[in-house]
Amino acid sequence: MATQEINNKIILSKATILKQNGMVILPLQEYKRLCEDAAIITYRLKGKKAEKLDCLVRDGMNEYKAGKCKTIKSLADLD
């Protein structure tokens, strides 16, 4: 694909940039990805709670890899 030179310019005054504490120009897809990521709630655990959760996830992944997991249709299928 050949590149095209675009001669259109975006002109922002220094006052506008300072008032907004800077400006960022991103491709639309990157902007959308950032918006989606911002919508996800992030929890950060520390200490024993974090270690306990890490252990639970690690054990679960090991069981999954070992083929110990099964597909269920409802919670009633659990033994």
Side-chain angles (χ1 to χ4, degrees):
M1 180 177 200
T3 58
Q4 272 187 324
E5 186 175 330
I6 299 174
N7 292 324
N8 296 337
K9 295 180 181 180
I10 299 172
I11 300 172
L12 301 169
S13 71
K14 187 174 182 179
T16 301
I17 294 171
L18 291 174
K19 183 178 178 183
Q20 299 295 325
N21 293 323
M23 295 292 221
V24 177
I25 298 175
L26 294 172
L28 184 58
Q29 292 300 321
E30 179 70 9
Y31 172 75
K32 287 180 180 179
R33 187 188 65 75
L34 288 171
C35 289
E36 289 172 3
D37 289 349
I40 299 171
I41 298 172
T42 303
Y43 294 98
R44 300 196 190 277
L45 300 176
K46 295 181 181 179
K48 290 187 179 192
K49 287 184 179 182
E51 292 173 16
K52 186 176 178 181
L53 181 60
D54 287 343
C55 184
L56 181 67
V57 171
R58 184 182 59 247
D59 292 347
M61 290 302 295
N62 289 337
E63 289 182 11
Y64 175 77
K65 289 176 184 175
K68 295 181 180 179
C69 296
K70 64 180 181 177
T71 303
I72 62 170
K73 294 183 180 181
S74 74
L75 293 177
D77 293 345
L78 293 175
D79 297 44

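The first residue of the sequence shown is numbered 1, and numbering continues consecutively from there. These values consider heavy atoms only, across backbone and side chains, with no hydrogens, waters or symmetry-generated copies.
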By side chain to side chain contact (heavy atoms under 4.5 Å, CB included), V24 pairs with (sequence neighbours left out) L26
I11 with I17, same ILVMFWY side-chain cluster at under 4.5 Å
no
Would you give the length of the straight line joining atom CD1 of I25 to atom CD1 of I10, rounded to the nearest 0.5 angstrom?
4.5 Å
Hey, could you give me each pair passing salt bridge (charged side-chain N to carboxylate O under 4.0 Å, His left out) that has a residue in residues 21-31? Not counting sequence neighbours.
E30-R33
With side chain to side chain donor-acceptor pair (under 3.5 Å) as the rule and sequence neighbours excluded, what pairs involving residues 10-29 come up?
S13-T16
Residue list, side chain to side chain contact (heavy atoms under 4.5 Å, CB included) with C35, at least two apart or on another chain
Y31
For residues 56-65, run the donor-acceptor check on the side chains, cut-off 3.5 Å, and write out each pair with its distance to 0.1 Å, sequence neighbours left out.
| unit_1 | atom_1 | unit_2 | atom_2 | d |
| --- | --- | --- | --- | --- |
| N62 | ND2 | R58 | O | 3.4 |

